[in-house]
Amino acid sequence: MDLDRTLLDFDASEANGLTHCFAEIGVPLTEEIRNFYIARNHALWGAFEKGEIPRDEIFAHRFHDTFLHFGIDADGDAMEVAYRKALSTGADLMPYAIEAMDRLVTKYDLYAATNGVGSTQVRRVQDSGLKPYFKDVFISEEVGAQKPELAFFNHCFSHIPNFVKEDALMIGDSLPSDIQGGILAGIDTCWFNFHKEENKTPYQPTYEVCGLLELCELLDV
């Protein structure tokens, strides 16, 4: 299972983290600044997942580029450190996350698979109450590869006892990352389409759900 925007409400944690960090440097976080940052961050993560840039380029540029664009006199590197610290305390959950996990764990072995930062994701999984449900948590920074790379999934498979591809399902919100990755790895996929968006990519999931309780119904728990 993916974490952000599947089990963890990353949007809420991001909003709280940004508000806190901009307040700390005395700069009002306007909608224009917020939207620019989110778009830039999204583009950088997309480039990373395509293998076009290393992960560190994301963290070196997202705040630096935002400050440069708006003429904000602040240190992008220091802001990055502060933001990651703030984000690590964001343990907001998607609707019905715990109820769904309570049901899923009775029938399935659950594993987390995320492209997030190691220290951040470890703390968020712990603080959110999700950790006891997972047999293991696979984080790209620790694996040395990221979704959708086959190397990431092969690492996960090799660390799951008695793994059988035909019995596996990748669940996540990202079509280019979770769904493409699962397809490349040869396992079934389930697109967690919480906002009921149109699929404009070539990646076709095996299943699609709009909520975690719907996922439970799909998996008969």
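The aromatic rings of Tyr83 and Tyr37 stand perpendicular to each other, their planes meeting at an angle above 60°, with 30° marking the opposite boundary.
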(request) Check step by step if side chain to side chain donor-acceptor pair (under 3.5 Å) holds for Gln121 and Asp4. (result) CA-CA 9 Å; Gln121 296 301 69; Asp4 287 315; 3.1 Å; yes
(request) Test Val117 against Ser119 for side chain to side chain contact (heavy atoms under 4.5 Å, CB included), laying out the working first. (result) CA-CA 6 Å; Val117 176; Ser119 58; 4.1 Å; yes
(request) Step by step, work out the side chain to side chain contact (heavy atoms under 4.5 Å, CB included) result for Leu184 and Tyr203. (result) CA-CA 10 Å; Leu184 290 174; Tyr203 316 121; over 6 Å; no
(message) If you apply the rule side chain to side chain contact (heavy atoms under 4.5 Å, CB included), what do you find for Thr189 with Ile179, and how did you get there?
(response) CA-CA 6 Å; Thr189 59; Ile179 305 308; 3.8 Å; yes
(message) Test side chain to side chain contact (heavy atoms under 4.5 Å, CB included) on Phe138 and Ile160; report intermediate values, then the result.
(response) CA-CA 11 Å; Phe138 302 112; Ile160 297 175; 4.2 Å; yes
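For the pair Ile72 and Ile33, the tightest heavy-atom approach, listed with the atom from each and the gap, is CD1-CD1, 4.1 Å. Here the shortest heavy-atom pairing between Phe153 and Gly182 reads CZ-N, 3.7 Å. Here the shortest heavy-atom pairing between Gly129 and Ile98 reads O-CD1, 4.2 Å. Between Ala86 and Gly17, the closest heavy-atom pair is CB-CA, 4.1 Å. Considering every non-hydrogen atom in both Ala151 and Ala145, the closest pair reads CB-CB, 3.8 Å. Across all their heavy atoms, Asn199 and Pro205 have their closest contact at ND2-CD, 3.9 Å.
In this structure, the side chains of Thr114 and Ser140 stay at 4.5 Å or more apart for every pair of heavy atoms. Side-chain contact between Ile38 and Asn41: absent, with no pair of heavy atoms (C-beta onward) separated by less than 4.5 Å. Residues Arg40 and Phe63 have side chains not in contact (no heavy-atom distance under 4.5 Å, counting atoms from C-beta outward). Residues Ile171 and Asp178 form no side-chain contact, since every pair of their non-hydrogen atoms from C-beta on lies 4.5 Å or further apart. At least one side-chain heavy atom of Leu7 sits less than 4.5 Å from a side-chain heavy atom of Met101. Contact check for Phe157 versus Ile187: side-chain heavy atoms found under the 4.5 Å cut-off. Counting heavy atoms from C-beta on, the side chains of Glu49 and Lys147 never come closer than 4.5 Å.
Rounding to the nearest 0.5 angstrom, the gap separating the CD atom in Glu52 from the CD atom in Glu57 is 12.0 Å. Note that CG of Leu68 is 7.0 Å distant from CG of Asp65, once rounded to the nearest 0.5 Å. Atom SG in Cys210 sits 5.0 Å away from atom NZ in Lys196 (nearest 0.5 Å). Between atom CG of residue Asp75 and atom CZ of residue Phe67 there is a gap of 8.0 Å, rounded to the nearest 0.5 Å. We find the NE2-CE distance between His64 and Met79 to be 14.0 Å, quoted to the nearest 0.5 Å. Here Leu3 contributes atom CG and Ser128 contributes atom OG; the two are 8.0 Å apart, rounded to the nearest 0.5 Å.
Environment of NE2 in His42: sparse, with no more than 12 heavy atoms of neighbouring residues, nucleotides or ligands closer than 6.0 Å. For Asn35, the CG atom counts as densely surrounded, since its 6.0 Å shell holds more than 12 non-hydrogen atoms of other residues, nucleotides or ligands.
A donor-acceptor pair is defined here as one N or O able to donate and one able to accept, closer than 3.5 Å; such a pair exists between the side chain of Gln146 and the backbone of Phe48. Side chain of Arg5 to backbone of Phe10: no donor-acceptor contact under 3.5 angstrom is found. When atom types are taken as modelled, the side chain of Thr6 and the backbone of Asp173 share a donor-acceptor pair closer than 3.5 angstrom. Of the possible donor and acceptor atoms, none in the side chain of Lys135 sits under 3.5 Å from a partner among the backbone N and O of Ala112. In this structure, Ser88 contributes its side chain and Lys85 its backbone to a donor-acceptor pair below 3.5 Å.
No chain of hydrophobic side-chain contacts below 4.5 Å, direct or via other Ile, Leu, Val, Met, Phe, Trp or Tyr residues, connects Leu213 to Leu104. A continuous path of hydrophobic side-chain contacts links Met1 to Val122 [ILVMFWY only; heavy atoms under 4.5 Å]. Residues Trp191 and Leu169 are members of separate hydrophobic clusters, defined by side-chain heavy-atom contacts under 4.5 angstrom among Ile, Leu, Val, Met, Phe, Trp and Tyr. Residues Val105 and Leu93 are members of one and the same hydrophobic cluster, defined by side-chain heavy-atom contacts under 4.5 angstrom among Ile, Leu, Val, Met, Phe, Trp and Tyr. By the criterion of side-chain heavy atoms lying less than 4.5 angstrom apart, applied directly or through intervening Ile, Leu, Val, Met, Phe, Trp or Tyr residues, Met94 is grouped together with Leu110 in one hydrophobic cluster.
Evaluation of the side-chain hydrogen bond (donor to acceptor under 3.5 Å, both in side chains) test over residues 204-221, restricted to residues two or more places apart or in two chains, returns Asn193-Glu208. Residue pairs that meet the side-chain hydrogen bond (donor to acceptor under 3.5 Å, both in side chains) test with at least one member in residues 90-112, sequence neighbours left out, are Ser13-Asp92, Asp102-Tyr133.
For the salt bridge (charged side-chain N to carboxylate O under 4.0 Å, His left out) test, residues two or more places apart in sequence or in another chain that qualify with Glu141 are Arg55. With sequence neighbours left out, the salt bridge (charged side-chain N to carboxylate O under 4.0 Å, His left out) criterion links Asp167 to no other residue. By the side-chain hydrogen bond (donor to acceptor under 3.5 Å, both in side chains) test, Asp136 is found to be paired with no residue, residues two or more places apart in sequence or in another chain being considered. Judged as a salt bridge (charged side-chain N to carboxylate O under 4.0 Å, His left out), and not counting sequence neighbours, Asp188 has no contacts.
Remark: the Gln126 side chain and the Arg123 side chain contain no N/O donor-acceptor pair separated by less than 3.5 Å.
Both tests pass for Arg84 against the ring of Phe59: distance under 6.0 Å to the centre and angle within 45° of the axis.
Aromatic ring centroids of Phe70 and Phe36 lie under 6.0 Å apart.
Shown are Asp2, Leu212, Leu215; of these, the side-chain contact (heavy atoms from CB on, under 4.5 Å) with Phe192 is made only by Leu212.
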